Participant: 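Following this message is one structure expressed as structure tokens.
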Amino acid sequence: MDEITEIYNKLGGIISEDDFRKRVDEKVDQMSGLCDMKTAAMLVAHDLGVTDTVKDIIKIKDITADIGNVSFVAKVTSILDVREFNRNDGTIGRVGTVKVADETGSIKLTLWDDRADIIKDGSVEVGDSLEITGYAKDGYSGTEINIGKYGLMRQTDQKVEVSMQSQKIADIKDGMSDINISGKLLDISDVRNFQKKDGNPGRVMNILIGDETGKIRVTLWDEKVDSTTSLNLDDAVEIINGYARTNNFSQQVEVQIGNHGVLRKTEANVEYKESYTPIADIIPGESYSIKGFVSGLGELREFEKDDGTSNMVSNIYVSDDTGRIRVALWGDHALLVDELDIETPIEIIDAYSKSGYEDIELSAGNRTRITIK
DNA sequence: CCCCCCCC
């Protein structure tokens, strides 16, 4: 029995075999040689509403550029934006990229025109399982699957196990995309409202997450801000499809969660241990965490900033067995001075060091956490 | 695409 008959037999006699073969020939013509008979037969079956004709579903690791048309089932791991371009004939084309994975690997799908539109309209999202039929070819970063007019992409209930290769925080570099990390939620900022360059209102906030290799600031844009509402400090969270940028001000690499990024709670086991610096080792221009006891208390002061707003500051001294340092407590932290006594054990997490009034000092601002034992 | 790290 040939492959076409094999596929026909799965149709349950909804049309005659002659009719089926005729349609398959038409499909091959339509596709102007872009697909073989077997693929055309599957496509015709698909047109007739029969989708499980694809028996020899391939695994991603077995897809090579010379394989031609392939069918496989995979889970969407990241979605990149759609780009428009001008065709020579004057029409506007669209091209989009989606990354999918199964238990054997991951591969990029290049989606053309109508297929690309499903990214824009949100009918495909990270985490969806898809049946995919497309054409394998060499792309910019290895083998890719092209899905145009005659490709297939449809939701399926089939379970896809994806061994998501997640990175560690210490490995994140400027410019990286497709970042998957998990970590412990260490800090949550307020939401800031701002006006975008195009005049529209924007929202932005930050969280701080840590794993066993370090910690990193994460920026959430617009509606992604809302994904923090159900989260609590110390939760294990995961980030899917983030991208990394160096912050102009701090010169630190941060993870951005934009349109297609995801932040959510995870069951993953995440270890984070704060690392404390001996006071004697502090040099200016870095962020530090210290653990010690209060060894000096100043006055709470109110002052007016250059921009006319008012703020508070108080200074304390903290000592450990290596040295003593002045710590300026800004904003709400300043009020803490009233609760402290000499010898109160204190931990100051993520304070910024600089050459100060007398010597090196630490600034405890709105990114700093302070705990008193 | 945003915001910081400000006082005496």
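Computed over heavy atoms, backbone and side chain alike; hydrogens, waters and symmetry mates excluded. Numbers restart at 1 for each chain; the letters A, B, ... are given by sequence-line order, proteins then strands. Please read these numbers as outputs of a predicted model, since none were measured by experiment.
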Participant: Look at the side chain of A:Arg192 and decide which nucleotide, out of B:dC8, B:dC1, B:dC3, has an atom nearest to it.
Facilitator: B:dC3
Participant: Do you know the tightest heavy-atom contact between A:Ser71 and A:Met42?
Facilitator: OG-CE, 3.5 Å
Participant: Mind checking who shares a hydrophobic cluster with A:Tyr243, ILVMFWY linked at side-chain heavy-atom distances under 4.5 Å?
Facilitator: A:Phe194, A:Val204, A:Trp221
Participant: Apart from A:Tyr276 itself, which Ile, Leu, Val, Met, Phe, Trp or Tyr residues share its cluster (side-chain heavy atoms under 4.5 Å, direct or through members)?
Facilitator: A:Ile349
Participant: Name the nucleic acid region contacted by A:Arg245, choosing base, sugar-phosphate or nothing; use a 4.0 angstrom heavy-atom cut-off, strictly under.
Facilitator: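 Touches nothing.
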Participant: Which nucleotide, B:dC5, B:dC2, B:dC8, lies nearest any side-chain atom of A:Asn315?
Facilitator: B:dC8
Participant: Are A:Trp221 and the base of B:dC1 stacked, counting only ring centres nearer than 5.5 Å and planes tilted under 30°?
Facilitator: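 Answer is yes, a stack.
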Participant: Of the candidate nucleotides B:dC2, B:dC7, B:dC5, which contains the atom at the shortest distance from the side chain of A:Tyr352?
Facilitator: B:dC5
Participant: For DNA chain B, what residues of residues 327-341 of chain A have any heavy atom nearer than 4.0 Å?
Facilitator: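 Hits under 4.0 Å, by residue number: A:Ala328, A:Trp330.
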Participant: Could you go through residues 330-340 of chain A and list every donor-acceptor pair under 3.5 Å that involves a side-chain atom there, pairing it with any protein atom two or more places apart or in another chain?
Facilitator:
residue, atom, partner, partner atom, Å
A:Trp330, NE1, A:Ser363, OG, 3.1
A:His333, NE2, A:Gly365, O, 3.1
A:His333, NE2, A:Thr368, O, 2.9

Participant: Look at all strands and tell whether A:Thr219 reaches a base, only sugar-phosphate, or nothing, counting heavy atoms closer than 4.0 Å.
Facilitator: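 A:Thr219: base contact, heavy atoms under 4.0 Å.
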Participant: Tell me who clusters with A:Leu208, hydrophobic residues only, linked when side chains sit under 4.5 Å apart either directly or through other members.
Facilitator: A:Leu186, A:Tyr272
Participant: By the side-chain hydrogen bond (donor to acceptor under 3.5 Å, both in side chains) test, which pairs, at least two apart or in different chains, include something from residues 279-293 of chain A?
Facilitator: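 Every pair satisfying side-chain hydrogen bond (donor to acceptor under 3.5 Å, both in side chains) with a residue in residues 279-293 of chain A: A:Glu274-A:Ser289.
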Participant: Which ones in residues 303-311 of chain A lie close to DNA chain B, meaning a heavy atom under 4.0 Å from one of its atoms?
Facilitator: A:Phe303, A:Lys305, A:Asn311
Participant: Is A:Arg324 paired with A:Asp359 through a side-chain N to carboxylate O contact shorter than 4.0 Å?
Facilitator: no
Participant: Rounded to whole Å, how long is the line connecting atom CG of A:Leu300 with atom P of B:dC6?
Facilitator: 19 Å
Participant: Could you state the atom-to-atom distance from NZ of A:Lys224 to C1' of B:dC1 in whole Å?
Facilitator: 16 Å
Participant: Could you tell me the separation between the CG atom of A:Asn366 and the P atom of B:dC2, rounded to a whole number of Å?
Facilitator: 17 Å
Participant: Nearest of B:dC8, B:dC3, B:dC5 to any side-chain atom of A:Asn206?
Facilitator: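 Nucleotide nearest to A:Asn206's side chain: B:dC3.
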Participant: List, by chain and number, the other hydrophobic cluster members for A:Val225, where Ile, Leu, Val, Met, Phe, Trp and Tyr join if side-chain heavy atoms come within less than 4.5 Å, directly or indirectly.
Facilitator: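 A:Val225 clusters with A:Ile169, A:Ile172, A:Met176, A:Ile179, A:Ile181, A:Leu185, A:Ile188, A:Val191, A:Met205, A:Ile207, A:Ile209, A:Ile216, A:Val218, A:Leu220, A:Leu231, A:Leu233, A:Val237, A:Ile239, A:Val253, A:Val255, A:Ile257, A:Leu263.
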Participant: Could you list the donor-acceptor pairs under 3.5 angstrom formed by side chains in residues 302-309 of chain A, with sequence neighbours left out?
Facilitator:
residue, atom, partner, partner atom, Å
A:Asp307, OD1, A:Thr309, N, 2.9
A:Asp307, OD1, A:Thr309, OG1, 2.6

Participant: When the distance from CZ of A:Phe249 to C1' of B:dC6 is rounded to whole Å, what number comes out?
Facilitator: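 Going from A:Phe249 (CZ) to B:dC6 (C1'), I get 10 Å.
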Participant: Quick one: A:Lys196 NZ to B:dC2 C1', roughly how many Å, whole number?
Facilitator: 11 Å
Participant: So, under a plain 3.5 Å distance rule, would you say the side chain of A:Arg217 forms a donor-acceptor pair with the base of B:dC3?
Facilitator: yes
Participant: Under a 4.0 Å N-O cut-off, is there an ion pair linking A:Lys99 with A:Asp178?
Facilitator: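 Counted as a salt bridge, because a side-chain N and a carboxylate O are separated by less than 4.0 Å.
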Participant: Just how far, in rounded Å, is P of B:dC2 from NZ of A:Lys197?
Facilitator: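 Whole-Å distance recorded here is 6 Å.
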Participant: Give the rounded distance in Å between these two atoms: CG of A:Asp222 and P of B:dC3.
Facilitator: 14 Å
Participant: Can you tell me the distance, in whole Å, between the CD1 atom of A:Ile316 and the C1' atom of B:dC8?
Facilitator: 16 Å
